[in-house]
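Chain naming here is simple, since letters A, B, ... match the order of the sequence lines and numbering starts at 1 in each.
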Number of protein chains: 2
Amino acid sequence: MEQRIDRIKKQLHSQSYKLTPQREATVRVLLEHEDDHLSAEDVYMLVKEKYPEIGLATVYRTLELLTELKVVDKINFGDGVSRYDLRQEGAAHFHHHLVCLECGSVDEIQEDLLDDVEKEVETRWNFEIKDHRLTFHGICHRCK
Amino acid sequence: MEQRIDRIKKQLHSQSYKLTPQREATVRVLLEHEDDHLSAEDVYMLVKEKYPEIGLATVYRTLELLTELKVVDKINFGDGVSRYDLRQEGAAHFHHHLVCLECGSVDEIQEDLLDDVEKEVETRWNFEIKDHRLTFHGICHRCK
DNA sequence: CTGTCAAATGATAATGATTATCATGATAAT
DNA sequence: ATTATCATGATAATCATTATCATTTGACAG
């Protein structure tokens, strides 16, 4: 935990941003909920527990900043809300998601799976892939 | 064109919806811009050219209805706007997208590509896949 | 035909998420 | 200490989407 925060701090500094108390509190919430897919409002409410003076705008700004730095990824599952998902440290690509149509749960797939597909797309469509988003919609193992 | 409208008409009737003039005008716009990825506002402005009395709410309602019937798919590329994309007739699954980070263009991949990946997900994660969304972000062949 | 009823429409208000603004507060360098 | 810069919090503004509601339309019964 502390080491990860430290690395994020360094990453911020390398672009001359600071790790303010508000930003640190926000990052801690994200680390503590690594498996969830929190909306900005979710993050706001969780951060407020530890840091009640924080404003919603600051949370939005911090999440935007972390997205720029590729510490988090901003995703959208089709409800009108953006969600923020920590990247695995050192992961080349963004992980995939399984969205259950029954219970609404969102599970993650950390494996790459797309290596072959990406090679094919790069050559056949002459497209240089920088990132991807892959989401499956269906029935999760719990609901079956 | 006329045949496709006719089939959509039948599809509506089968669920006891009608193909009103407003709905037909909207469908025509979608058919005429099959390769684009129009937002509701885009569709609205295009439909207005032929049917100026139409209201924005009707366009939203029609797009929602067509989404339900799986005539179109609602997609979201991360700007705050939903886009509506005609499904290929008879396509089992939704097609994929190539979003260019340089010029913002969106190209389509009609091939399935995910067969193997889906088999793996179904067995390893015990997840029954109903649909998917796959988008690649990168540099398109024109910008390279 | 003509009246009736449910569905569809258009105008517009309401909502909800996100972004912009701006005065204030903290921080670091001179 | 002083200034300049960045960050923050409160709140207003914006933008896409949804809800409301009075009116219109079209199918159908009599």
Measure the distance from [atom1] on [X] to [atom2] on [N] and round it to the nearest whole Å.
X       : N      : atom1 : atom2 : answer
B:Arg61 : D:dA19 : CZ    : P     : 11 Å
A:Tyr17 : D:dT8  : OH    : C1'   : 16 Å
A:Lys18 : C:dA29 : NZ    : P     : 9 Å
B:Tyr44 : D:dT18 : OH    : C1'   : 16 Å
B:Tyr60 : D:dA19 : OH    : C1'   : 14 Å
B:Asp79 : D:dT14 : CG    : C1'   : 16 Å
B:Leu65 : D:dT18 : CG    : C1'   : 16 Å
B:Glu64 : D:dA16 : CD    : P     : 18 Å

Inset, instruction - Give one of base, sugar-phosphate or nothing for B:Glu41, where a contact means two heavy atoms less than 4.0 Å apart. - result: nothing

Inset, instruction - Name the nucleic acid region contacted by B:Ser16, choosing base, sugar-phosphate or nothing; use a 4.0 angstrom heavy-atom cut-off, strictly under. - result: nothing

Legend entry - Inter-residue atom distance A:Lys119.NZ - A:Leu114.CG, 0.5 Å rounding: 11.0 Å

What nucleotide, of [options], holds the atom closest to the side chain of [X]?
X       : options               : answer
A:Val81 : C:dT27, D:dG9, C:dT18 : C:dT18
A:Ala57 : C:dT19, C:dA20, C:dA8 : C:dA20
A:Leu56 : C:dT9, C:dT18, C:dT27 : C:dT18
A:Ala40 : C:dA8, D:dT18, C:dT18 : C:dT18
A:Ser82 : D:dA10, C:dT18, C:dT9 : C:dT18
A:Gln22 : C:dG10, D:dT8, D:dT17 : D:dT8

Inset, instruction - Report the C-alpha separation of B:Asp131 and B:Arg87 in whole Å, then their side-chain angles, then the decisive distance to 0.1 Å, and conclude whether the salt bridge (charged side-chain N to carboxylate O under 4.0 Å, His left out) test is met. - result: CA-CA 12 Å; B:Asp131 199 6; B:Arg87 244 175 211 249; 3.3 Å; yes

Inset, instruction - Sort out for me which residue in A:Glu34, A:Gln88, A:His37, A:His96 forms a side-chain contact (heavy atoms from CB on, under 4.5 Å) with A:Glu108. - result: A:His37

Legend entry - Who pairs with C:dA29 - Watson-Crick or G-U, where each distance is under 3.5 Å: D:dT2

Inset, instruction - Please determine if B:Asp73 and B:Arg83 form a salt bridge, counting it only when a charged side-chain N lies under 4.0 Å from a carboxylate O. - result: no

Inset, instruction - Please check if the distance between the ring centroids of B:Phe77 and B:His97 is under 6.0 Å. - result: yes

Inset, instruction - Check whether any side-chain nitrogen or oxygen of B:Thr20 sits under 4.0 Å from OP1 or OP2 of C:dA8, and answer yes or no. - result: no

Legend entry - 5' priority, DNA chain D, between B:Tyr84 and B:Pro21 [closest heavy atom]: B:Tyr84

